[in-house]
Each structure stands twice: as C-alpha cells, then as structure tokens.
Amino acid sequence: MSEEINENEENQEEGINLTEENQETITKVTGMYKEWFLDYASYVILERAVPAVDDGLKPVQRRILHSMKDLDDGRYNKVANIVGHTMQYHPHGDASIADAMVQIGQKELLIDMQGNWGNILTGDRAAASRYIEARLSKFALEVVFNPKTTKWQASYDGRKKEPVHLPVKFPLLLAQGAEGIAVGLSTKILPHNFIELIDASIKYLKGRSFKILPDFLTGGIADFSNYNDGKRGGKVRVRAKISQLDKKTLVITEIPFGTTTSTLIDSILKANDKGKIKIKRIEDNTAAEVEILIHLPPSVSPDKTIDALYAFTSCETSISPLCCIIEDNTPLFIGVSQMLKISTDNTVHLLKRELEIQLNELEEQWHFASLERIFIENRIYREIEEEETWEGVIDAIDKGLKPHIKHLKRAVIQEDIIRLTEIRIKKISKFDIDKAKQFIESLEDKIAGVKHSLANLIDFAIDYFKNLKDKFGNDKERKTEIRIFDDIVATKVAMNNAKLYVNRAEGFIGTSLRKDEFVTDCSDIDDIIIFRRDGKMMVTKVDSKTFVGKDIIHVAVFKKKDKRTVYNMMYRDGKTGPSYMKRFNVTSITRDKEYDLANGKKGSLVHYFSANPNGEAEVVTINLRAIGTIKKLKWDIDFADLAIKGRSVRGNTITKYAIKKVEFKEAGVSTLKPRKIWFDDAVQRLNVDERGELLGQFKAEDKLLIITQSGKAKAVKPDLAMHFEDDMIVLEKWIPNKPISAIYYDGEKERYFVKRFVIESPDKEEIFISEHPKSQLEIVATDYRPVAEVTFSKRSLDNLTVDLEDFIAVKGIKALGNQLTTEKIKQVSLLDPLPYSEPEEEKVEDVEVVDEEVVEDKLPLDIIATPTIKNSSTNSLTDKKEKQAASLKKAIKKKKDSSDDSQTSLF
C-alpha cells in the first residue's frame, strides 16, 4: 500500500492522478499540449501533408489509387463510388477525398477522366462527384501496381489491408509535383516534364550527368537560372506568354503556373485602377486554350505595356521551391536531382524483385511441367492402382519418380506429388509428348531471358524507361519555354498616372498644385530632377507637394544612368566673379541631396540653362553690360565647341566682365556618338551592355529591320524595351535603299514566286506574301546580290541556281513577283551572295560623352569665340585680327589637350 501511495505521489508530481476504482488517467492541459502537440505534428507531417519518396504519394492519394485498383474492371466508375470505397481506408471526410482525386486527375497522368473535372486554366471547379467518372489510366496500370511486390498493412480500423507504399516504377513525385503545409515545415515540389525525367533517369543509369527543370501544364515562360535544384533558397520566375496582335491589342496565350485567367485578369484590372498600366478593355476568350485580349487606348506603347504587365500584375510570378519528402518515416530536405536518383534506384530495385519473382514462377512451372511429363510419359500413375491408403499412393508415386528426377533443379516435395494426383484422366489420355517438350523448352528460353535480364539489370532498366517513353510520351512534350529574363525597372515601364506641377517662384513641386504651372505627366514612383537659379540641383521623389527651393529654372522626370540627356549651362561664379559655361549629364545621385553646380561661392547665378534629351548643342548670343572701355559687347557661342564632362567641373571661362543677358539664337544637332546596340538572343531583348550580337551603330534617325517567318516586315526605331515575335528571322540595321529578296509559296495560286522590294512605309508593319492560309515564306535575304538554289521533287531534274538580282527587278512590297518555276519544288536554300561593294558611309565627327570631370583652363572664351562672331556695322574684325584669333584658338586647344588640371567624378 505504501508503494501505491508513493507511486501516486510521483504521478501527481508529473500531473497524473490514478484512481483505485477504474484506473482512469487525468492529465493536466499543460501535459496534453506537451505530448499531444508532438503527436499531432508527426501525424500531419507523415500522414497528410508531405509525400513519401518511395512512391511519390501522400496517404490520401495512395488510398484513392488503391481503391480505384480494387474497383477496376476497365470501365468508368462514378467518382462518388470511388470516394465511398476510399473511406474504408482513409479516416477523413468525403470532401477531402474528392478534392484530392480531382487534383490527381487534373495532372493528366494517372486517371482517365470523363465529365467536367474543372479547368486549371480558368480556375473553374469540377462538377459534383456524383456527376463525373474516372478509371485508372493505362500508364497507371502499368507503372503503379504490382501486388507481388507490395508491402501491406492494416487499415485504420483493422478491417482491410492497404499498401504501405505502392510499387511505382517511375519518378512520379517529380512528374506530378506536390505541395503541402504541415506543422513546422512545408513542401513545394514543382512538376517536371515526363520525357525529360525519363531521359534523366537513363543518363543516371549510364553514369552521365543530368539536369532537370520544371515544366508546367499551363505553359508560359520561365527563368530557372536560380532554381537551385529545387532546394530551399531557390527561385523560379514564371511569365505569361504575351504577344502583340496589332498596334492596339495584346494577346495572352499562356499563363504562369499557380495562376488562373480569373486571378490574372483581376490583377490587370487592379493595376489599371491604380494607374500602373493603361488599358481600354479586356476580353477573356479562354476555352480549351488561353486567349485574353487586352485592348490599349491610343498613344500607348504595346512594348512598354508588356513590360508593365510583367512588373505590376500576376503576368509574372515568383515561385520558391522547397523539396521536402518522407524517407523512413522522417522528413528529409533534398534536391530534385537526388530525388530522381532515389526514384531511379527504387525502380531498378523493383524491377529486380519482379524479375526474381518471375524467375521463381518460371522455374516452378518448369519443375512441375517436367514432373508432369515424367508422371505421364513413364505411366507412374498405374503404380497407384493397387494402393489402398493415401500414404501408400504418395509413397508409390515418390518411388516411381526417383529414377527420373536427377535432372530436376530442386527436390520433389509432398506438395508436388499431391499436385500430380490432381491431374485429370482426360488430360492424361490426351497428353501430347511433343507439345509438352515444346512447352518445357519455351519455359527454358524464358528462364534464360530472365536470367540474362538479371545479369544485365541496368540495361534492362534502361530499356524499361525507353519503352515507357515510346508508349506514353507522344503528347508529353515540354510546354513551358525556358528563357533567361531581363530585369524590368518599374520606374521605366510605369504608366503616367499623375500630373506634375511647379511653382517656380515659391519653390514647390507636386501633383496637387493644380493652380500652378503644368510640367509633365509622370508616374507616382518617378524621381524628379530640379535645377535652381542659384546653381543648385536636387533629385527627389514625386509627391503631392514638396519644397525644393525658390527660383526653379528647370524641372523634369529624372532617368537614372541616362547619358543621352545633356545639360548646357552658363553661370556667374559668386556675386562679381567671372562667368563660365559647361556641358554635363547627370547619371546617378543621392536622393534629396543638394548639389552645387557652380563653384560653391555665395551669390552664384545661372545666366542660361537648357536640357537636351539627345545631346543637342545650340548657339547662343552673349550680351555684356556697357561698362568702362569694353569694345566687344556682343558675340555668339556654339555649345558644340565644348566637350561633355562631369557635372562638378568648373567649365570654360566665357568672360570676366558682367553679362547682361544670354539669348538663344539657333538650335543645334546632337553631338553624341552613334549608339552601339546589341541583341541578346537568350533574353530576346536589345541592350547597350555588349551582350549578344552587335547590330550596329545607330544615330537618332536610324532604324531596325525586322522580318518574321509569317511574311511581315517593318522598320522601327530601336527601343531597349522592344519585344520580338517568336518567329522573327531577320533583325538588322535598316538601310533604306537596300532591297529585300524573298521566295514564297502562294497558297491560292499554288506556285512559288520571287520578289524584291524595299520598305516603303517605315514604322508600319506590312505583309509581303499573299494572305492565303496556305501561303508560306521559304527564304528571305537582305544581301544586295543574293543567290538561291532550288531542289526539285523529280530526281531527273538538276538543281536550279537563281541569281535573284538578275531574275527580277525591285518592285513594290505588295507586288506578286515573278513565278519561279512550274515544277514541284522539294527545297529552296540560300547560297553565298555574289560580291558587291557597299557604298561607304560619310564619317561624321561626333562628340563622345566623357565620364571624367575635368576642370577647364581659365582662358577667356570671348577670344575663342571670335571666329564665330557675325559681322555687323558696330562690331567687325579686320583680317589681321581673324588670323590672330585663329592662331590663338589652336594654341588654346593644344594647351587644353595637355592640361593636367583634372579630377575624377565621384558618381
């Protein structure tokens, strides 16, 4: 009794109290939480949320497939019946089972569906389970089930047997993907391509390296550069496939994984309401395939809108994979490559077990067939006629067999003799020795084949995977296009959703100053650059109202890293100092920091300022105050004579005298060098960062020639935000007078035609082949003297070489062209063009943007500018003075080139 009291005292200390009557256990809430929470977490992880690596299935999925196999008779079963049957194994409600079954079916791999199973594109739900039907697919029947290699366990109530794991001989988990949230961990395994998984398994079995990337049923475009093998920390960027239907319409034909057309359209409408994008209306024509039409208002760029859709809507999404699986009842975080290796090794193991079982069965068949032949051929059955007991019958047969069983592969046991006694007299009477020999020989051949497969197990496994690919891989091509994405800067693609105003005198800018001066349309995420009369500059974020300093002389939207915009400025250094002029650009700054563009002296004043988006250099007139004996009070200065430097340079001296005013005289042209543009095929975008193929040097008036396989051609100004169609075949710098040659098949006339033409309407897309549905472009050439080779269908005809320049003259783009031949053509190919000397372009000396900020020499610019001064009655130069000025200018230039008085820009 004392021992029981001590035990009760100990249990009370642990929060447990045992009563003597019914031995019930009472546990405190703290104890319940401490123990039951771990039980609950383990249950959710192992039995609900995370799939097993052995078969790639969660328990509910495994039980659904097992139930479908139980009910399988080749015909469709009501999903409600399957759900009810599954509840014998799954201790949860019918709704969760039905939802899980629909998800398996929508992956289009294991279940053959009939009825409305929902739509992964639109997000529509499946019909009620009593209205839809299902059966196992042929792939599932071949790959997933084999009772002989399945390990069984009791169901939750002990009434049924269910598989611990299904013997899946395929990387099913990687093919279907999985997602689940457990307690304390989660998993997100992306689906991969059926054919690529098989190819990767074959490569692994051959000892070669492999790489697998996700593939989504919704298609789209994906950047897997940061996939990280599906491990934690990886990232996948997925985009909708958007193309330009015409100048005012965009069409979305594929959507990102994890989205639907409904959620995508909602995100587009929200972005439009917030002013991030501008659209006129949107149409959803999605049925079997996605088709969302986005109609744009006039004067909205389609290319910029596409980038804005990626930046501000669900047209681009990011997915963070996290591969967590269950192995030996333990959660394990691994990569998809390791997962494929485990699955492939498991497949090889299962194939080996199947072969061993098959070999054992064949050997048993051979053993009994041999016994049966001995029993009948040697008439051993006659020896049991006189036996009266069962034991005597067994002994008689055993003695009769002994002289003939030396060649058998195992000993004869009593079960073998019992089977011999069960042979019917009808079979004995019709026994054919030759057929028996042939049957035994066929078994021996099969045994030899199985043994060969076991001896060459890896080759057998490779053939198994190849057979799967041949049987089930016809419609399993990759649907998601793999591409490397360029980063989209939101400020560059955001639509103008606000208006910027300025109060120059008071020094305020903002979007709420509607009574003041309108500056420009802008986005609510733009930066604004401001220049003031005292030579100060600042960049600040756009807001409703911001004080930036009085006497504003220029305000505009700031573009970071913009070397094309050049600012021309003349200023006075201090209250009485000399005046300077300089040209500079602003590429990077610290927001809300005030920069002094003068020398920092108090009282500095800007005489003249201009902002030039393409580096233009104007001519201005300097007017001095008439003080003392100054003879020259007025002259012209051309900014083109001044190099572009950093913003912190002092600049060139204009004069030491007081300037009355500076007047604009005439506009100039761009002084920047032509811009080199490259095309990066990996991301299908233009760039100026030397990535990809160099297209050439482009001036402001130069254009790009774009030709597509569908027979469309256009010449457009190069824009780094441009998007290109998938069937683009020509992208090069456009030379206006250079002819384009094409050979195409006219679907209406059923003939091949040759034509040569030039682009007649730049910036307008035109079709240069007939618009018949069967018309197609064979070849297109942009050489001056192209040559084509025609191969005829008739082997008796020799190949024809055609000089396209000699064959047809240059005609209009809409001209039909000349018929190539009346014979049937097998192939048309381009040969090397004939030699041609292209006319040399005139070389223009342009000013290059210099990144270094150099302090200019303090030489008076009134002497430098003397040769450009216009003759007048009040102020003219003699020939002697002109020669003097010219020599001085040369000396100044020489000194300027050798100047050591420079400093490097901090930005």
Answer yes when D199 and R208 have at least one side-chain N-carboxylate O distance shorter than 4.0 Å, and no when they do not. no

Quick one: which of E363, E415, E364 gives a salt bridge (Lys or Arg N to Asp or Glu O under 4.0 Å) with R410? E364

Is a side-chain donor-acceptor pair under 3.5 Å present for Q106 with W117? no

Using the six-membered ring wherever Trp is involved, compare the ring planes of F257 and F216 and label them parallel, tilted or perpendicular (cut-offs 30° and 60°). parallel

Within a radius of less than 6.0 Å around CD of Q153, do more than 12 heavy atoms belonging to other residues, nucleotides or ligands occur? yes

Give a yes/no verdict on a cation-pi contact between R237 and F485, requiring under 6.0 Å between NZ or CZ and the six-membered ring centre and an angle within 45° of the axis. no

Examine K69 relative to F145 and say whether NZ or CZ is less than 6.0 Å from the centre of the six-membered ring and inside a 45° cone about the ring axis. yes

So, H165 versus W152, ring centres under 6.0 angstrom or not? no

For the residue pair T344 and T347, confirm or rule out a side-chain donor-acceptor distance under 3.5 Å. no

Would you say the side-chain atoms of S155 pair up with the backbone N or O of K160, donor to acceptor, closer than 3.5 Å? yes

So does G118 get a backbone contact from the side chain of N116, meaning a donor-acceptor N/O pair under 3.5 Å? yes

Testing the basics here: between A288 and L121, what is the closest heavy-atom pair and its distance to 0.1 Å? O-CD1, 3.6 Å

Nearest 0.5 Å please: distance from the NZ atom of K446 over to the CG atom of L359. 13.0 Å

A240 and Y310 have their tightest heavy-atom pair at O-OH, 2.8 Å

Check whether any side-chain heavy atom of L173 sits under 4.5 Å from a side-chain heavy atom of I325, and report yes or no. yes

Value rounded to 0.5 Å, distance of NZ in K241 from OG1 in T480: 9.0 Å

So, the side chain of T149 versus the backbone of L350: is there a donor-acceptor pair under 3.5 Å, distance only? no

Of all heavy-atom pairs between C324 and P331, which one has the smallest distance, and what is that distance? SG-CB, 4.1 Å

Inspect the contact between E283 and R281 and indicate whether a charged nitrogen and a carboxylate oxygen are less than 4.0 angstrom apart. yes

Are E354 and N146 linked by a side-chain donor-acceptor pair shorter than 3.5 Å? yes

Got a sec: does the NZ of K107 have more than 12 other heavy atoms crowding it under 6.0 Å? yes

Using the side chain to side chain contact (heavy atoms under 4.5 Å, CB included) rule, take L57 and Q176 through it: C-alpha gap first, then chi angles, then the decisive distance, then the call. CA-CA 10 Å; L57 298 170; Q176 290 195 131; 4.3 Å; yes

Assign the ring pair Y89 / H85 to parallel, tilted or perpendicular, where the plane angle (0 to 90°) is split at 30° and 60°. tilted

Is there a donor-acceptor contact under 3.5 Å from the side chain of T313 to the main chain of I268? no

Heavy-atom donor-acceptor pair, N193 side chain to K476 backbone, under 3.5 Å: yes

Residues T263, T260; criterion side chain to side chain donor-acceptor pair (under 3.5 Å); working and verdict: CA-CA 5 Å; T263 58; T260 63; 3.3 Å; yes

Answer yes or no: is there a side-chain heavy-atom contact under 4.5 Å between L217 and P191? no

Heavy-atom side-chain proximity of L322 to S186 below 4.5 angstrom: yes

Using a 3.5 Å cut-off and no angle test, enumerate the donor-acceptor pairs between side-chain atoms of residues 334-343 and protein atoms at least two apart in sequence or in another chain.
residue	atom	partner	partner atom	Å
S337	OG	D229	OD1	2.7
S337	OG	D229	OD2	3.4

With side chains defined as the heavy atoms from C-beta onward, is the minimum distance between F460 and L454 less than 4.5 Å? no

Could you walk me through whether K427 and E372 pass the salt bridge (charged side-chain N to carboxylate O under 4.0 Å, His left out) check? CA-CA 11 Å; K427 184 175 183 180; E372 187 180 63; 2.6 Å; yes

Return yes if some donor-acceptor pair links the side-chain N/O of S137 with the main-chain N/O of L110 below 3.5 Å, else return no. yes

Look at the side chain of N272 and the backbone N and O of I279, then say whether any donor-acceptor pair between them is shorter than 3.5 Å. yes

Just by distance, do the side chain of Y156 and the backbone of Q88 share a donor-acceptor pair under 3.5 Å? no

Is V50 close to K58 at the side-chain level, that is, under 4.5 Å between some pair of heavy atoms? no

Please evaluate residues K235 and I319 with respect to the criterion side chain to side chain contact (heavy atoms under 4.5 Å, CB included), reporting the C-alpha separation (whole Å), side-chain torsions for both, the decisive distance (0.1 Å), and the verdict. CA-CA 6 Å; K235 182 180 179 182; I319 304 171; over 6 Å; no

Report yes if the side chains of L457 and L355 come closer than 4.5 Å at any heavy-atom pair, otherwise no. yes

Does a donor on one side chain and an acceptor on the other come within less than 3.5 Å for T330 and D328? no

Under the salt bridge (charged side-chain N to carboxylate O under 4.0 Å, His left out) rule, what do E133 and R75 come out as? Steps first, then yes or no, please. CA-CA 10 Å; E133 299 178 332; R75 296 179 296 177; over 6 Å; no

Any chance CD1 of I181 has more than 12 other-residue heavy atoms, nucleotides or ligands included, within less than 6.0 Å? no

Test your reading of the model: is there a side-chain donor-acceptor pair from R135 to the backbone of G74, 3.5 Å cut-off? yes

Could you walk me through whether I252 and L264 satisfy the side chain to side chain contact (heavy atoms under 4.5 Å, CB included) test, starting with their C-alpha distance in whole Å, then the side-chain angles of each, then the deciding distance to 0.1 Å, before giving a yes or no? CA-CA 10 Å; I252 300 175; L264 195 67; 4.1 Å; yes

Within 6.0 Å of OH in Y131, more than 12 heavy atoms from elsewhere: no

For L109 against A175, the heavy-atom pair lying closest together: CD2-CB, 4.0 Å

Are K148 and E356 ion-paired here, with the side-chain N under 4.0 Å from a carboxylate O? no

Are E162 and R62 ion-paired here, with the side-chain N under 4.0 Å from a carboxylate O? no

Nearest heavy-atom pair of R130 and K78: which atoms, and what distance? O-NZ, 3.0 Å

What's the shortest heavy-atom distance between E196 and I212, and which atoms? O-CG2, 4.2 Å

Closer than 3.5 angstrom, by distance alone: can the side chain of K203 be matched with the main-chain N or O of F210 as a donor-acceptor pair? no

Is any side-chain heavy atom of V290 closer than 4.5 Å to a side-chain heavy atom of T253? no

Just to verify, which of N285, T261, T286 counts as forming a side-chain hydrogen bond (donor to acceptor under 3.5 Å, both in side chains) with E291? N285

Evaluate the side-chain proximity of V251 to I242: yes if any heavy-atom separation is below 4.5 Å, no if none is. no

Check the pair F194 / F170 against side chain to side chain contact (heavy atoms under 4.5 Å, CB included), numbers first and verdict last. CA-CA 10 Å; F194 181 91; F170 180 78; 3.5 Å; yes

Hey, mind stepping through D99 and R125 against salt bridge (charged side-chain N to carboxylate O under 4.0 Å, His left out) and telling me if it holds? CA-CA 10 Å; D99 289 343; R125 291 181 59 84; 3.7 Å; yes

